[in-house]
Amino acid sequence: METGEIPSDELAGGFSPYLTIESGQTYRWTRSDGELYSGRRAPDAWYELAIDGEVVRVRSIETGLEWRSTTDAAPILRRRLRLDDDLDRIVDAAPDDPLVERAFDAHRGLRLVADPAFDTLISFICSAQMRVERINSMVDALAREYGTEIAFDGRIYHDFPTPAQLARATETELRDLGLGYRAPYVVETARMVADGEAHPAEAREMPYEDAREYLTRFVGVGEKVADCALLFSLGFDEAVPLDTWIRKAIASRYPECDRGSYAATSRAIRDRFGGEYAGYVQTYVFHHLRTGAEPVEPPT
DNA sequence: CGCCAGGCCTTAC
DNA sequence: GTAAGGCATGGC
């Protein structure tokens with residue numbers, strides 16, 4: 001086992017594993033006390049991730065981040081939890097808006113994640129009409145049933161399945177895992193990637209709206225799921241997924257941003273949220289409203 | 001029991 | 001291009 005620390009002074013603007021991992025962006029992590037998404041913080045709990053054949057554990061300590069892993073975890077953590085983002089700069093660049101400012105103040109230390117593209121696409125196909133706790137249980141089930149085993153510290157962990165591994169699943173099997181009508185979407189999208197017809201990572205080099213359009217070719221991927229994949233795995237910090245919570249916020253607080261179509265409304269709220277880092281703003285507002293930190297007023 | 005959850009698909013206009 | 005209806009499942 002390798003161990004190490006990342007000192008606080010290398011985390012510009014702070015970092016909260018709890019807020020970052022339990023804010024509905026990433027469904028690949030587990031928590032050592034099993035209380036993921038319980039709404040309860042546990043300062044001593046380890047967060048664990050199996051990725052690219054390695055296992056990483058991390059938790060906050062007084063002086064920064066402590067990690068234990070099958071390998072040198074520092075570069076993995078830096079990349080996947082975006083530890084090099086300067087949160088102070090991002091907060092300073094956010095628009096002058098009361099809801100946005102309250103969300104940033106209430107959840108300081110929340111960072112965007114940078115998960116693998118295929119994993120994220122599948123996770124958000126599962127997310128349709130589903131609460132975050134259940135999305136997490138679906139992704140857990142996929143990893144447990146189809147992912148490669150990794151041994152670490154006397155336990156067995158499961159990587160997220162590769163496209164080929166997931167393409168071997170049947171619709172019936174995934175329905176039995178509780179995926180419901182999303183089961184055939186997952187199987188077919190996995191098959192498309194495994195067969196080389198397309199790959200979500202192809203979107204990375206495209207202009208933002210072209211990238212979103214590209215991802216909708218996958219079954220079960222509409223504009224909203226595409227935006228989630230772009231924001232949480234492909235580096236499009238300007239992407240603003242229009243989910244139920246953001247739509248409620250638009251209806252009650254930014255009604256002029258409702259332009260009817262997804263594309264036009266997306267452009268309007270992206271502009272309202274500051275453009276370049278609008279997706280960062282969205283993630284704070286989403287978490288703020290979803291967790292009930294403040295109520296969403298009905299439209300006036 | 002009804003309603004809702006980080007929506008998408010098909011079909012009809 | 002936009003609108004309506006169907007779709008699995010579990011928690012409240």
Side-chain angles (χ1 to χ4, degrees), chain A residues 19-29 36-39 103 107 110 112-113 115 119-142 169-192 200 209 212-234 236 239-251 258-267 269-270 273 278-293 295-296 298:
Chain A
L19 290 171
T20 300
I21 293 169
E22 303 198 41
S23 52
Q25 313 176 58
T26 177
Y27 297 97
R28 301 207 40 195
W29 293 78
L36 210 57
Y37 292 114
S38 67
H107 312 290
L110 169 57
L112 283 179
V113 300
D115 274 338
D119 312 25
T120 303
L121 191 67
I122 296 297
S123 295
F124 280 92
I125 287 172
C126 292
S127 79
Q129 292 293 101
M130 203 48 59
R131 287 182 173 81
V132 294
E133 297 85 347
R134 292 199 55 212
I135 302 167
N136 194 77
S137 71
M138 290 181 188
V139 174
D140 270 353
L142 292 178
T170 67
E171 176 182 339
T172 301
E173 288 172 354
L174 298 191
R175 284 182 184 271
D176 288 344
L177 290 178
L179 268 67
Y181 61 79
R182 304 155 197 79
Y185 302 164
V186 168
V187 174
E188 178 60 9
T189 287
R191 186 204 61 73
M192 291 173 72
E209 291 193 346
R212 188 175 64 199
E213 176 65 22
Y214 174 80
L215 291 184
T216 62
R217 74 184 51 202
F218 294 104
V219 182
V221 180
E223 291 169 301
K224 186 270 172 186
V225 167
D227 266 332
C228 288
L230 294 177
L231 181 59
F232 303 135
S233 69
L234 291 168
F236 288 86
V240 179
L242 299 182
D243 63 87
T244 55
W245 290 101
I246 295 302
R247 287 182 183 278
K248 286 178 185 177
I250 291 172
D258 184 357
R259 307 293 170 83
S261 74
Y262 187 101
T265 302
S266 173
R267 281 192 285 269
I269 194 68
R270 185 163 70 252
F273 281 173
Y280 236 109
V281 173
Q282 186 272 2
T283 298
Y284 273 80
V285 171
F286 168 80
H287 180 70
H288 191 63
L289 299 179
R290 187 187 73 79
T291 56
V296 192

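Since this is a predicted model, take the numbers as computed values, not measurements. Residue numbers start from 1 in every chain, and the chains themselves are labelled A, B, ... in the order their sequence lines are given, proteins ahead of strands. Any value given below was found using the heavy atoms of this structure, including those in side chains, with hydrogens, waters and symmetry copies removed.
- Using a 4.5 Å heavy-atom threshold, the side chains of A/F124 and A/Y27 count as touching.
- Within the nucleic acid shown, A/R175 comes within 4.0 Å of sugar-phosphate atoms alone, with no base atom in reach, counting heavy atoms only.
- Side chain of A/T265 to main chain of A/Y262: no donor-acceptor pair is present (N/O by atom type, distance under 3.5 Å, no hydrogens or angles).
- A straight line from CZ of A/R131 to C1' of C/dG11 spans 6 Å, rounded to a whole angstrom.
- When the P atom is compared between B/dC8 and C/dG11, the two are found 24 Å apart, to the nearest whole Å.
- Spacing of C1' atoms, B/dG6 relative to C/dT2, comes out at 23 Å, to the nearest Å.
- One finds a side-chain N or O of A/Q129 lying less than 4.0 angstrom from the OP1 or OP2 phosphate oxygen of B/dG7.
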- Task: Apply the test salt bridge (charged side-chain N to carboxylate O under 4.0 Å, His left out) to residues A/R270 and A/E209: give CA-CA distance (whole Å), side-chain angles for both, the deciding distance (0.1 Å), then the verdict.
- Result: CA-CA 12 Å; A/R270 185 163 70 252; A/E209 291 193 346; 3.4 Å; yes

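- By the stacking rule of 5.5 Å between ring centres and under 30° between planes, A/W245 does not stack on the base of B/dG6.
- For C/dG10 and B/dC1, the C1' atoms lie 15 Å apart once the distance is rounded to whole Å.
- In this structure, A/R217 contributes its side chain and A/Y214 its backbone to a donor-acceptor pair below 3.5 Å.
- For A/Y181, counting side-chain heavy atoms from C-beta on, the closest listed nucleotide (B/dG6, B/dC9, C/dC7) is C/dC7.
- Atom CZ in A/F124 sits about 12 Å away from atom P in B/dC8, given to the nearest Å.
- The side chain of A/D243 approaches B/dG6 more closely than any other nucleotide in the set B/dG6, B/dA5, C/dT9.
- The shortest distance between the side-chain N/O atoms of A/K224 and the OP1/OP2 oxygens of B/dA5 is not below 4.0 Å.
- The CD atom of A/E213 sits 13 Å away from the P atom of B/dC8 (whole-angstrom rounding).
- Between the P atom of B/dC9 and the CD atom of A/E223 lies a distance of 11 Å, rounded to the nearest Å.
- Rounded to an integer number of Å, the gap from A/Y185 OH to B/dT10 C1' is 9 Å.
- Side-chain polar atoms of A/D115 and A/S233 form no donor-acceptor pair below 3.5 angstrom.
- To the nearest whole angstrom, the two C1' atoms, one in C/dC7 and one in B/dC3, are 16 Å apart.
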So which protein N/O to nucleotides 1-3 of chain C N/O distances come out below 3.5 Å?
none

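- Contacts of A/G220 with the nucleic acid, taken as non-hydrogen atoms under 4.0 Å apart, involve only primed sugar atoms and P, OP1 or OP2.
- Inspection of the A/R212 and A/S266 side chains reveals an N or O donor paired with an N or O acceptor under 3.5 Å.
- In this pair, A/Y284 and A/H107 present their aromatic rings tilted. The plane angle is within the 30 to 60° band.
- Residue contacts shown for A/E133 are absent, as no nucleic acid heavy atom lies under 4.0 Å away.
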